[in-house]
Colleague: 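After the structure tokens below, expect a handful of questions from me.
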Amino acid sequence: MSENKIYVGNLPFRISKESLEEHFAQFGSVAETIIISDRETGRSRGFGFVSFETEDGMNTAIKADGSELDGRPLKINQAQARN
DNA sequence: GTTGAGCGA
């Protein structure tokens, strides 16, 4: 079973991962929420990942691509696995 | 501001 994870881009730098979770909890049960930051500089990269407990939740979230969060239209796509 | 980590054997 693979994870139901989505990529979330165009994030406003002011939000936290828990804010993201609150936003995506509307689409389904959120299993994990992550905000990515550069490990060498410690600065935000402006994107993150959200995994859902069910495929339906992920699917619904992807359909919400372009929904605004803090005034910014989010870029949502199914995440690609790390290599 | 766009697809994540870590550094052991």
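We name chains A, B, ... by the order of the sequence lines, and we start the count at 1 in each one.
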Colleague: Determine which pairs satisfy side chain to side chain donor-acceptor pair (under 3.5 Å) with at least one residue from residues 30-48 of chain A, sequence neighbours left out, and list them in order.
Modeller: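 The answer is D38(A)-R45(A).
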Colleague: If we only count heavy atoms from C-beta on, is the F49(A) to I36(A) side-chain gap below 4.5 Å?
Modeller: yes
Colleague: Do the non-hydrogen side-chain atoms of L74(A) and D65(A) ever get within less than 4.5 Å of each other?
Modeller: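 SC-SC contact between L74(A) and D65(A) ruled out.
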Colleague: Pull out every stem in DNA chain B, meaning runs of 3 or more consecutive Watson-Crick or G-U wobble pairs with both distances under 3.5 Å.
Modeller: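 Runs of three or more consecutive pairs: none qualify.
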Colleague: Summarise how protein sits on nucleotides 2-9 of chain B as a single string, 5' to 3': B when a protein heavy atom is under 4.0 Å from the base, S for sugar-phosphate-only contact, - for no contact.
Modeller: BBBBS---
Colleague: Give me each pair satisfying side chain to side chain donor-acceptor pair (under 3.5 Å) with a member in residues 53-62 of chain A, each pair once, sequence neighbours excluded.
Modeller: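 Side chain to side chain donor-acceptor pair (under 3.5 Å) check on residues 53-62 of chain A returns no pairs.
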Colleague: Side-chain donor-acceptor pairs under 3.5 Å in residues 11-20 of chain A, sequence neighbours left out?
Modeller:
{"unit_1": "R14(A)", "atom_1": "NE", "unit_2": "D70(A)", "atom_2": "OD2", "d": "3.4"}
{"unit_1": "R14(A)", "atom_1": "NH1", "unit_2": "D70(A)", "atom_2": "OD2", "d": "3.4"}
{"unit_1": "S16(A)", "atom_1": "OG", "unit_2": "S19(A)", "atom_2": "OG", "d": "3.2"}

Colleague: If two hydrophobic side chains count as joined below 4.5 Å and joins carry through other members, does F47(A) share a cluster with V8(A)?
Modeller: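 Each belongs to a different hydrophobic cluster.
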Colleague: So, using side chain to side chain contact (heavy atoms under 4.5 Å, CB included) as the criterion, who are the partners of Q26(A) when residues are at least two apart?
Modeller: H23(A)
